[in-house]
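One structure is given below, encoded as structure tokens.
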There are 2 protein chains.
Amino acid sequence: MSELEPPVPAATVARLPLYLRCLEALDAEAAPTVSSSHLAALAGVNAAKLRKDLSHLGSYGTRGVGYDVGNLMGEIRRELGVDETSPVIVIGLGNLGQALAKHGGFAGRGFPIVGLFDIDPNKIGQEMDGLIVQHLETVANTIAATGGHTAIIATPPDAAQVVTDQLIAAGITSVLNFAPTGVVVPDGVALRQVDLAVELQILSYYRPERVAERDAGRDRNLSAATS
Amino acid sequence: MSELEPPVPAATVARLPLYLRCLEALDAEAAPTVSSSHLAALAGVNAAKLRKDLSHLGSYGTRGVGYDVGNLMGEIRRELGVDETSPVIVIGLGNLGQALAKHGGFAGRGFPIVGLFDIDPNKIGQEMDGLIVQHLETVANTIAATGGHTAIIATPPDAAQVVTDQLIAAGITSVLNFAPTGVVVPDGVALRQVDLAVELQILSYYRPERVAERDAGRDRNLSAATS
DNA sequence: TAGATTGTTAATCGATTAACAATC
DNA sequence: TAGATTGTTAATCGATTAACAATC
């Protein structure tokens, strides 16, 4: 009989990295255990939600005590699949691509950058952070040599789909797209898309001056409706 | 009697920039109108969800015809509050900060970068993309001169909270935090946090090989339960 | 044991979706 | 008018939360 593996809700999966980051900070302070209310406060979420999230992992704390920090880190890493490192390649060495390539935060969290690719002859051959930029055509070699199956796309928008198709043909199965355009991938390939300008646009909606205006409008309506 | 302003659900707000981006692409091709099913396909969402989202704006299409592309762009921009440009400042000119500062995608979508700030004497005075890096202490001057109320934090994690506090004291009311650590802001300040490594971690959970394993596990359990 | 805190229940809330009447 | 497509309804689904029995 195989073990029961209930699916973890998408909303929970999206929060696990946040919990992991908070646990790593606690671990750096040598905190042995943490309660759900403490960890929830660090992560900025409701304590009941945190406990519910963790219950999906089958990772149990100790009643009356809390969670063992090292233990819980291990369980979250295992569930996310970041308990071993995953080599990553970056395609498109413009401003953003170069910044991502040099960004220490990826390697430090299990995602070492092992290859840089572009199609611009002026970029190919340049060294960046210990790696030589190679032509995209040679990407299959790097995939074979490193076992990496994850690619970060940082090309101009009009190249993103073509590049994605080439990467998938070369064996990439996980794609993180930073180009400000959607790309489509076949079944069997994982995809996430991040558009940095979108974050500013969402922030714009929640600008305090606008929130206050909307609230005032609703208050007026409410008064009108009830008086 | 004031107009009714029903609140727009958070899930809808988060999708409006995506629709806007698709509409801008259609507009560039001079498409005059678009149906909900076409726009939904471009955005990768369900057509019913798209129509429901748009219905929250009070922005109406024409039955039998579809939505006027230019019109709908205007209504989404107005709802998001991106119908006029919002100047933005960047704090922390490391790899990521420099990339964000030079990134044309912000200015092109209504968020011109108008100030660069750091506390590193080696960075202050340097020119980047037409702007001189200034000391963070002088940020209030730029805020006053430009009317900008939005800041992008790209400092090391241990500086993020201090810098955020200084910015808020200087008049910033919207913060987009790229530092891989949470920051807290008082009421009346809008905040969004983006952690690039988190995206890779979430992608890791949905890696096709792992999805297949989990599905297989569930199939086995299902068979065991039903046989 | 007494105090503390988990894991789970059940109620509530919000988001998604298919279906279709309204209507251009 | 006939065909097409919206805007809305209502059912379903998933996520959140408070409360508390279980238990360390």
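What you see below is based on every heavy atom in this structure, not just the backbone, and it leaves out hydrogens, waters and symmetry mates.
- Mapping A/A48 and A/G64 onto DNA chain C by nearest heavy atom places A/G64 at the nucleotide closer to the 5' end.
- The closest side-chain donor-acceptor pair between B/D53 and B/T12 falls under 3.5 angstrom.
- Panel note: side chain A/T173, backbone A/V189; no donor-acceptor pair is recorded below 3.5 Å.
- Side-chain N/O atoms of B/R15 include one lying less than 4.0 angstrom from OP1 or OP2 on C/dT16.
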(request) Decide yes or no on side-chain hydrogen bond (donor to acceptor under 3.5 Å, both in side chains) for A/R51 and A/S36, but give the supporting numbers first. (result) CA-CA 6 Å; A/R51 289 200 298 278; A/S36 62; 2.9 Å; yes
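- No side-chain donor-acceptor contact under 3.5 Å links B/Q98 to the backbone of A/A99.
- Atom P of nucleotide C/dA10 and atom NZ of A/K49 are separated by 22 Å, given to the nearest angstrom.
- Nearest nucleotide to the side chain of A/K52, out of D/dT9, D/dT16, D/dA19: D/dT16.
- You'll find that the side chain of A/R51 is closest to C/dG7, out of D/dG7, C/dG7, C/dT17.
- In this entry the distance linking CG of B/D68 with P of C/dC24 reads 16 Å, nearest Å.
- Distance from the side chain of B/T62 is smallest for C/dC24 among the nucleotides C/dA15, C/dC24, D/dA19.
- One interatomic measurement links the two molecules: CG of A/L50 to P of D/dA18, which rounds to 14 Å at whole-angstrom precision.
- Atom CG in B/N46 sits roughly 8 Å away from atom C1' in C/dA18 (whole-Å rounding).
- A salt bridge does not link A/D83 with A/R78: none of the charged nitrogens is closer than 4.0 Å to a carboxylate oxygen.
- The interatomic distance linking B/N71 (CG) with D/dT6 (C1') rounds to 15 Å, in whole Å.
- Minimum atom distance to the side chain of A/P9 is reached by D/dA15, of the listed C/dT17, D/dA15, C/dA15.
- Note on B/R214 versus B/E209: no salt bridge recorded, every NZ/NE/NH1/NH2 to OD/OE distance being 4.0 Å or above.
- Put simply, the side chain of A/V114 does not reach to within 4.5 Å of the side chain of A/V88, judged on heavy atoms.
- In this structure, A/V69 and A/Y67 have side chains that are not in contact, with every pair of non-hydrogen atoms separated by 4.5 Å or more.
- Remark: the B/R63 side chain and the D/dT6 base include a donor-acceptor N/O pair separated by less than 3.5 Å.
- Stem analysis of DNA chain D (Watson-Crick or G-U pairs, both distances under 3.5 Å, runs of at least three) returns C:3-24 with D:3-24.
- In summary, A/R77 and A/E24 engage in a salt bridge, as defined by a charged side-chain N under 4.0 Å from a carboxylate O.
- The A/S55 side chain lies nearest to C/dG7 when the options are D/dG7, C/dG7, C/dT17.
- Under the 3.5 Å distance criterion, the side-chain polar atoms of B/S204 are left unmatched by any main-chain donor or acceptor of B/L200.
- Atom CG in A/D53 sits roughly 10 Å away from atom C1' in D/dT16 (whole-Å rounding).
- Dashed line: the shortest gap from a side-chain N or O of B/Y67 to OP1 or OP2 of D/dG7 is under 4.0 Å.
- In this structure, A/Y60 does not reach the D/dA22 phosphate: none of its side-chain N or O atoms is under 4.0 Å from OP1 or OP2.
- Listed by residue number, A/S35, A/S36 are the residues of residues 18-38 of chain A with a heavy-atom contact under 4.0 Å to DNA chain C.
- Counting non-hydrogen atoms under 4.0 angstrom, A/A11 reaches the backbone sugars and phosphates but no base.
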